[in-house]
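One structure is given here, and the rest of the page talks about it.
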Amino acid sequence: MSRCCKVCLKIFCIADLPPYVVTLALLDAANDRDPVVQEQVRKSILTLGNQQPDKVLSMCQDYLLKHPKLVVGHRVVILQTIELVVKSRIDDISYPKIKSVIQLASDEMTKSKEVVPEWQQAASNILVAVGNKYINDIMEEILRKFQPGVLPHFFVVQTLANLSDSNVYGMVPFLNAIMGTMLPMLGMTKQDNMKWVFSSALCHFSESILEYLANLDKAPDPTVRKDTFSSEIYSAYDILFNSWMQSRESKLRLTVAEALGSMSHLMAHDKLEEQLPKLLPTILGLYKKNSEHYIISKSLCQILEASVNMGSRVLETQIDGLLVALHQQICSPMDFSNPPTVKNHNEVLRCFTILANTFPDRLMVFVLQRLENSNKRNRMGSLAVLRHLINSSTSIMETKRLLILASIRQPLADHSNKVKKRVVQVISAMAHHGYLELEGGDLLVRFIIQHCALPDTYHRPPDPEEVTNEALRSMCDNTLHLFTTTVGRLTDVLWPMLLCYLTPNQYANATTPLCKSLILLANKKQTAQEPNFIIDFNAQGSFLYRCIGVILQQCYNKELVRKQLQEILIGTRHNDAIERTGVAMGIGLCASSHLDGTLEKLEEFGKSDAFRKASGIFGLLKDKNDVDVEKMKSTLILCYGYVALHAPEDKLLTRIDSDILHNISKNFNTKVKQSALFIECFCTFQHIESWLSSGQDHERERAVKTTAELLQFYLDNLRVKNLVTFHNLGALVGRLAPRCTDPNPEVRRAAIDCIYRLMYIQLRYEGFSLDYKDDSVEGLLVVREKLSNPDHSVLYKTCSELTKIISKRLPQQQLSTLLFMLYDGLVDAQSNCSRASSVILNTLLKNRGAGLQDLVPEMLEVLHNRLQVIGEEQVKVAIGQSILILATQHLQTVVNTLVAYPLPYDSWSCEMWIALGADSTLALQIMEMIIEKLNVMVPYVDKKESMLRPGLTKVATSQPLAMTCALREMMLNGQSADAVAYLFPKLFSALLVRLGSSVGVQLPKDLNSNSIISDRKTINKINVANFDVCGVAVEALRILLGRAQLDALSCCFLSHCGKIKCDHFEEAILSNRAMAKHAGPRLPSIVESLCPSLCNIYECQRITVTAFFSELLNHHVVTELMILDMLMNNMMERITDTCGTVRMLAVRGLGNIAVGSPEKVNKYAKELLAAMSSGMEENDDPGKLITLEAMSGMSKILLYLDQKNVHLLVVYIFMKIKPFLENENDEIRCASIMLLGNLSKFGSGEPVFKDQIHNVLVSLLLHLSDPNPQVVKACKYAMRICAPVIGSEQISAMFQNHLLEEKGLHHGEFINDLTKYLVRSKSFLYYKNTHRIAECLVMLLQDPDPLVRVKAAEAMGHFH
């Protein structure tokens, strides 16, 4: 019959069966191993229950009563089914049936005194479902089991708690009496789980009471008051706070805290006031003790709310500690994939709102002070609070608006896009509440427009939470649009302000959103016919001049350009500083396209009558409105400055001396501001700078000499009235110092001249007089002479002397700028100069690098970038030295930074790690640091791969993966050999455990989410494709073994790498037997290092170490090294491990002692026999792997055990073996039969053992035709060994002659002959086994295999 026919027949049969039979069949199938089947069974029972609820409920009850020993899982499914029927048809179920269901659920819930959560929760849920309608009947039953002076069952209390949630109006009238009974129980409670359930119940009770009181109009008894419960609540509070809160169990502490939060609303005011000084610090202290913070924040919020509602005076004394703790919480990052972190964030904001309503001044001072902190996380947290308060506490914040406007300026300058995003959100909130109309609001508008003009980032940041320029720009575009369309009060702020942002070049990318907003504003004003729609551009002169400059840029008519320039210069109001600047900017913009024409017009203007009229003799008689010639000169100099700024670089150098500097010097006057001199000189230098590193000698020479003249000009004309900082010193020295070793001697000397003049400019800024001479600076003249010698060694030595002088005179705040300019010098086209940059750089880092900790990450990133383009090997070596110097001074920062680089490490990141291996002492420190972190860090997390697919996927965490890569690279440096040798046991142990934690672990999709490098280009997809979590650990171990000169072990290890990557890790470890042979003397230290991992929470790590130890026990070397006892003790501890694989490996290891150290078997006889026996009894062993190992191990140790150690246990062991003889698993049948044979040598002469052999003889005979040849072979072996025990010489001789392992056997003939022997002898054996044989044959007649059924019938024919 086909399978389809069988299925159809079954369906028809079921359809014809009465509901009783169907339901019973479904109840039998309710615990099916397949969860899909189980669910369908439940649905089917529910469908029947909806049709006939009383009958189905009765059948469920009867089934449970008739099967008292039903497995828990089966009972749970039936109880859950009862709950579903009750919930769906409670109105249709008869009252007597309701009473019986209540009784059943109550009995099921309390049948076991021990807590069996799944079972008892299912029963409790039935009571809660019934309680929604029959609360009085439920309470009558529950209160019978909730008697004064007797601790109730855990789930009795849990049920009361859940009832108070599901039926508030029904339960609250009972709560006073319930709490009265409960209070004495609290003092009697010793176990944490009972403390937890009582705390949870009090929390639920309090929340139900509060809900009842909040809705008294709907309540059955509107006379209920809060003080009805105050006394009981305070008594409970006293025990929870003073006793249970001190528990070491974090889950209990959190539940107590949650309860205290709810209870605080019901406490008498004087009692709460009295407790606040102790309660609040205790709640805040929980943040440090628990990783889960949402419950704590929720409780704290409730306590604060209760305190404020009662007008607490004590609260003010606690405000400082509250604010610090809450601020730390709000600064914690939110993980939107982890809802508790989001809930915690919202609860903390609620706390701030409560405090803001009571202590607005102190709160604002605190938040705004924290806003000044440059730490990104602190600043983001403060901005989140500020935004929330602006939106939620409008009236209170009204008086703080100017203060907030002043304080928000600092975060405006933050470089982090994450912070900027928060700033935009705050500005948006401020806009809706009238802040932007106040003084200083225009700065916030400008901030939005600046970020509408952000350039693209051109790559996706490795951190998915990082805010890209594109995202921030889009957000600002939308914000500006909202300002224009939805915040009506901003119309007069934005119009005409937005027009001013159309012309400056830095806002060019914001033109589109600006124009859209301006069109909307103009249409709005025109439609409303508002008078300020027409703009008076007389007040906007500067803006107009810039507009003209932009237009002239695009104009191709040179004559028209000249004419317009003439009109601008003549028509300018030179006394107006704003207009003067606008003119200069417009002319500078024009010069970017028309340099020659602009310079000619400026020179012509400088010679015009306007200057002569203003400066002639009649100038003494000029009217007040006449133009001051000095103002005109200022205009002209400003124009030249902006021309230098905007002119094309390829044209500027030829004009800088003859046209720009010459004309500036002609018009220069001491009355012109010093800043003009500074601007012009350094605008000019900007254009010269690119020629300093030209490939042509003459171009470099001209550029450096021009710079020297420019600096001399600046020095000669410098007038310092007040002490100020020369901010550009570091940048200029960094740009010029490498040229001191230029191949061209003229360039070298001119570069020294530049440094010399820069040092004196710095001295002038420090307040020294023009004629002051500094000894160290004068030493530069000596250095200048030495630079005439072209010998490289002399040049670099001289370079070192130059660095000492620079280091002595350079202010600390200029050091960072100098260093970053020197980093640029590392890629100088002239190898002499790039080497000089590295010499200067490393000398400075050695002397003054200790104070640069904050800049270490940035410096490392620059070095990483430079490595990519440097071809000079000597410079690469110097960069390695730089990294070593930084690591010597800032080890933790360097390691943390490099670890956070994107994975897989590119070749340059690898070079940086390899460099750290060059110093053995430093390498030792770093390796120890990494080992320590690898031992405690989370190796992977379990993530749900897809909503459509069941199960979790192991996903690697980034930091341990990165640290493994780091170790791999450091060990590649041969100079790390001493460190590796010293740390070999720890390194091997850490990497072995890491390898075990990597098998089957996938790379995270957001591999570099924690990378500190936000602007690094996207990692090559090919590199990621070849990047394997397990492969990294394998490679690191391979390098370690090679570095430790264990080449033979390394080769053996490599031969098993394929198995490791295929997830057969256990097999690979066990195959790595070379460890025992080649790593002998190191083994004790390795074992000692691995031992702590046996208690690790991660199963994979316990599996790895147990597998390793198990294999070591296969070798005699562990006895020679005296570590056998340690290994055996560890294996004995692991046989109780929660992980089945660990238990299996531990049992295997104990069995391996018979191979590695057989002479020690009798020493551990008692422990070995107990462990193997326990393994054969293992219940939590789905694949029976532990059982298999236990039987195999028992077989091995029985070969070496003495009779005295075994004879008392022979029958006991035999009884353990017996059930496995018929097991479906071939290996288990084979192992059990082999063990039976090995055991028989200890049972000779024992009558009881002889009886047991007779009992299993039929099974052994049947297995002689087993489909598995190994089972047949084992069966032959066992029957030969057991033959003497049987008691018949003829049968024994038959077994010895015919049951040879390699010889074939005709099973039918053998059985026929054996049966004849038995019948003819009429022996005890015959009569003993007749009944047993008959039973077996009857059983075999039901076997699905037809061949077995035929043989069974054939055998039964011999009974005559």
Side-chain angles (χ1 to χ4, degrees), residues 584 588 591 599 602-603 606 630 633-647 649 651-692 699-721 724-737 739-740 746-774 777-778 780-781 784 809:
L599 289 174
L602 287 175
E603 187 172 6
E630 299 302 335
K633 287 183 177 181
S634 293
T635 303
L636 191 59
I637 291 174
L638 274 174
C639 288
Y640 278 117
Y642 279 103
V643 166
L645 183 63
H646 292 290
E649 293 183 4
K651 296 181 180 179
L652 180 64
L653 192 59
T654 57
R655 312 297 296 274
I656 195 79
D657 283 326
S658 59
D659 292 299
I660 297 176
L661 292 177
H662 175 70
N663 284 311
I664 287 175
S665 61
K666 265 198 321 182
N667 291 287
F668 192 89
N669 190 295
T670 54
K671 293 182 181 179
V672 180
K673 289 184 180 178
Q674 196 72 43
S675 59
L677 170 66
F678 180 83
I679 291 171
E680 308 317 324
C681 287
F682 289 101
C683 283
T684 305
F685 179 73
Q686 281 184 337
H687 294 286
I688 300 171
E689 189 177 9
S690 60
W691 278 284
L692 291 174
E699 289 183 354
R700 293 201 308 281
E701 183 179 340
R702 289 175 189 171
V704 178
K705 286 184 175 180
T706 302
T707 303
E709 292 300 323
L710 187 65
L711 291 171
Q712 186 63 51
F713 170 77
Y714 186 75
L715 179 61
D716 292 343
N717 291 279
L718 182 60
R719 302 290 182 269
V720 179
K721 293 182 180 179
V724 291
T725 303
F726 182 25
H727 293 290
N728 294 75
L729 178 64
L732 291 166
V733 170
R735 198 72 183 85
L736 293 163
R739 303 260 70 84
C740 294
E746 292 298 321
V747 174
R748 295 201 293 272
R749 284 191 286 273
I752 281 290
D753 291 341
C754 290
I755 303 292
Y756 179 82
R757 289 161 192 175
L758 281 168
M759 292 295 110
Y760 271 111
I761 291 171
Q762 170 63 20
L763 288 168
R764 293 295 312 283
Y765 271 106
E766 290 176 0
F768 290 94
S769 62
L770 186 61
D771 57 353
Y772 173 76
K773 297 294 180 185
D774 183 271
V777 178
E778 289 300 313
L780 289 171
L781 299 177
R784 186 179 190 274
R809 294 302 325 158

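The model shown is predicted, which means the values in this text are computed figures rather than measured ones. The first residue of the sequence shown is numbered 1, and numbering continues consecutively from there.
Arg809 places no side-chain N or O within donor-acceptor distance of the main-chain N or O of Val777, the cut-off being under 3.5 Å. Checking side-chain atoms of Arg757 against main-chain N and O of Ala708 turns up a donor-acceptor pair under 3.5 Å.
Atom-to-atom distance recorded for Cys754:SG and Gln712:CD is 10.5 Å, nearest 0.5 angstrom. Atom OH of Tyr760 sits about 10.5 Å away from atom CZ of Phe768, to the nearest 0.5 Å. Rounding to the nearest 0.5 Å places CG of Leu758 at 13.5 Å from CZ of Arg735. With rounding to the nearest 0.5 Å, the separation of CE in Met759 from CG in Leu780 is 7.5 Å.
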_Chi angles and distances behind the side-chain contact (heavy atoms from CB on, under 4.5 Å) call for Leu636, Lys633_ = CA-CA 5 Å; Leu636 191 59; Lys633 287 183 177 181; 5.5 Å; no
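Minimum heavy-atom separation, Leu711 to Ile761: O-CD1, 3.9 Å. Taking each heavy atom of Lys705 and Ala750 in turn, the nearest pair found is CG-CB, 3.9 Å. Nearest approach of Ala751 to Val704, heavy atoms of both residues: N-CG1, 3.5 Å.
Qualifying salt bridge (Lys or Arg N to Asp or Glu O under 4.0 Å) partners for Glu603, counting only residues two or more places apart in sequence or in other chains: Lys607. Scored by the salt bridge (Lys or Arg N to Asp or Glu O under 4.0 Å) test, Arg700 finds Asp697, Asp742 as partners (sequence neighbours excluded).
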